[in-house]
Amino acid sequence: MAVLIWIMIYPMVMKVDFKSIKNIGKNPKGLFVTWIVNWLGRFRRAFVQMMKQ
C-alpha cells in the first residue's frame, strides 16, 4: 500500500520548485494564510469534539 501511495505522490513532489523556497521570506503572505487556516481548522475540530461529548 505504501508503494502505491508513493507512486501517486511522487509526480507532485517532482513538480515542486525547491529553489523558490528560499524566496518565501520576500512575500510571506501566502505562508501566513496557510498557517492561519491550518490552526483555525485544528481549533474547529477540537471544538466539534468537545461538543460531541
Side-chain angles (χ1 to χ4, degrees):
M1 187 61 126
V3 172
L4 295 175
I5 292 173
W6 180 251
I7 290 171
M8 188 172 63
I9 293 175
Y10 186 73
M12 291 182 278
V13 172
M14 294 311 296
K15 290 182 182 179
V16 173
D17 183 14
F18 291 106
K19 293 177 185 175
S20 66
I21 292 175
K22 58 185 171 182
N23 294 331
I24 193 71
K26 294 179 182 174
N27 189 10
K29 184 171 42 173
L31 185 61
F32 290 138
V33 169
T34 303
W35 283 342
I36 290 169
V37 168
N38 284 335
W39 277 101
L40 289 177
R42 290 176 185 168
F43 288 122
R44 183 189 57 82
R45 286 189 296 275
F47 181 74
V48 168
Q49 287 297 325
M50 287 181 359
M51 292 297 118
K52 284 184 177 181
Q53 294 179 1

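- In this structure, the side chains of Met12 and Ile9 come closer than 4.5 Å at one or more pairs of heavy atoms.
- Here the CZ-CD distance, from Arg44 to Gln49, works out to 10.5 Å after rounding to the nearest 0.5 Å.
- Applying the under-4.5 Å side-chain rule to Ile, Leu, Val, Met, Phe, Trp and Tyr, the cluster around Leu31 extends to Ile24, Phe32, Trp35.
- The one candidate from Val33, Asn38, Leu40 that meets the side-chain contact (heavy atoms from CB on, under 4.5 Å) condition with Ile36 is Leu40.
- Taking Ile, Leu, Val, Met, Phe, Trp and Tyr as members and joining any whose side-chain heavy atoms lie under 4.5 Å apart, directly or through other members, the hydrophobic cluster of Trp39 also contains Phe43.
- Other residues sharing a hydrophobic cluster with Tyr10 under the 4.5 Å side-chain heavy-atom criterion for ILVMFWY residues are Trp6, Met14.
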